[in-house]
2 protein chains.
Amino acid sequence: MLDHPLPECPIARFLTVLDGPWAMLIVREPLTGPKRFTELRARLHGLGLGLPGINPKTLSSRLRRFVLLGLVTRRAYPEVPPRVEYELTPAGTRLEVVLAAMGAWAEQDLPRTGAFPIEDR
Amino acid sequence: MLDHPLPECPIARFLTVLDGPWAMLIVREPLTGPKRFTELRARLHGLGLGLPGINPKTLSSRLRRFVLLGLVTRRAYPEVPPRVEYELTPAGTRLEVVLAAMGAWAEQDLPRTGAFPIEDR
DNA sequence: GGAATCAGTTCCCTCAAATGAACTATTGGG
DNA sequence: CCCAATAGTTCATTTGAGGGAACTGATTCC
């Protein structure tokens with residue numbers, strides 16, 4: 001994904017990096033403070049994407065990407081059992097406006113049921 | 001995708017429907033007025049997602065979904081050669097704020113090259 | 001001694017999405 | 001007669017993402 005430069009177009013760049021059903025949902029969690037790996041797993045349960053929960057492989061893969069991109073920091077404490085905390089960087093925190101825009105749009109224009117309103121034009 | 005109700009969480013709902021590298025890029029096009037199928041194909045070339053251009057199958061599949069969800073209208077003119085225009089509904093047009101948020105974030109926080117800044121914390 | 005805890009990794013499998021290329025019907029124009 | 005143009009569809013194939021399940025290492029609690 002970072003093997004060659006990202007697209008010129010900012011939107012395309014965003015989509016390259018934050019693609020997939022999980023990416024933005026993962027980013028949302030540490031907005032309320034640092035989160036541990038297992039904590040993230042637990043909180044990403046039952047969001048009802050048709051998916052039961054996130055696979056640890058998927059989660060660690062996304063987290064590694066985010067750390068690489070500077071959206072998240074990873075802090076490991078040499079304890080037993082191990083403790084690792086993921087925290088948003090300022091850049092990561094700034095994704096909150098995107099999340100807010102997505103949420104607001106969906107609340108207004110994307111009902112849960114298949115009964116979609118016909119807008120007059 | 002509409003076989004059973006969408007998730008309760010608005011963000012998850014957004015991601016269910018507007019997932020994939022192409023969805024938001026397609027929506028962006030008719031913001032500047034109705035667009036024809038071939039026109040969309042042409043404009044979606046060279047965005048550099050590592051992809052050369054969009055496959056017509058992918059495009060027609062997304063357009064069909066958007067029409068179903070009420071984000072886009074499809075108007076066919078019985079001419080030869082055929083002409084079909086895709087236009088955003090008010091709901092589709094409201095996605096502009098999401099696109100703007102994505103773009104602004106990427107411009108500020110997602111550089112093209114792998115040299116990502118380390119933010120002080 | 002055995003179980004539990006945590007943060008992942010590894011293996012194998014499946015499935016949906018995307019791709020490339022060819023093809024359709026229709027008619028006007030050279 | 002043959003080609004071009006439009007809006008797709010169809011076929012066959014690949015790729016990557018995700019899923020399930022099991023496993024690791026170190027240490028503390030029971």
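Lettering follows sequence order; numbering is per chain, from 1.
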Output the single nucleotide from [options] whose closest atom is nearest the side chain of [X].
X       : options               : result
B:Pro82 : C:dT9, C:dA7, D:dA7   : D:dA7
A:Val84 : D:dG18, C:dG8, C:dT5  : C:dG8
A:Ser60 : C:dA7, C:dT9, D:dA5   : C:dT9
B:Val80 : C:dT27, C:dG8, D:dG20 : C:dT27

Under 4.0 angstrom between [X] side-chain N/O and [N] OP1 or OP2:
X       : N      : result
B:Arg74 : D:dG8  : yes
A:Arg36 : C:dA7  : yes
A:Thr38 : C:dA7  : yes
B:Arg64 : D:dT9  : yes
B:Tyr77 : C:dT26 : no
A:Arg62 : D:dG18 : yes

Problem set entry | Counterpart residues, ring-ring contact (aromatic ring centres under 6.0 Å, His included), relative to B:Phe66 (two or more places apart) | none
For this session: Could you tell me how the ring of A:Phe37 sits relative to the ring of A:Tyr86: parallel (under 30°), tilted (30 to 60°) or perpendicular (over 60°)?
Result: tilted
Starting at atom [atom1] of [X], determine the distance to atom [atom2] of [N], rounded to an integer number of angstrom.
X       : N      : atom1 : atom2 : answer
B:Arg83 : D:dA5  : CZ    : P     : 17 Å
B:Arg65 : C:dA16 : CZ    : P     : 13 Å
B:Leu15 : C:dA17 : CG    : C1'   : 17 Å
B:Glu85 : D:dT6  : CD    : P     : 13 Å
B:Lys35 : D:dT6  : NZ    : P     : 15 Å
A:Ile54 : D:dA21 : CD1   : P     : 17 Å
A:Leu63 : C:dA7  : CG    : C1'   : 11 Å
A:Leu59 : C:dG8  : CG    : P     : 9 Å

For this session: Can you check whether any acceptor in the base of D:dT10 is under 3.5 Å from a donor in the side chain of B:Lys57, or vice versa?
Result: no
For this session: Please confirm whether any donor atom in the side chain of A:Asn55 sits under 3.5 Å from an acceptor in the base of D:dG18, or the reverse.
Result: no
Problem set entry | For B:Pro7 against B:Arg13, the heavy-atom pair lying closest together | O-CD, 3.1 Å
Exercise. Shared ILVMFWY cluster between B:Leu31 and B:Ile54, side chains joined below 4.5 angstrom?
Worked result: yes
Exercise. Does B:Lys35 come within less than 4.0 Å of B:Glu85, counting only side-chain N to carboxylate O?
Worked result: no
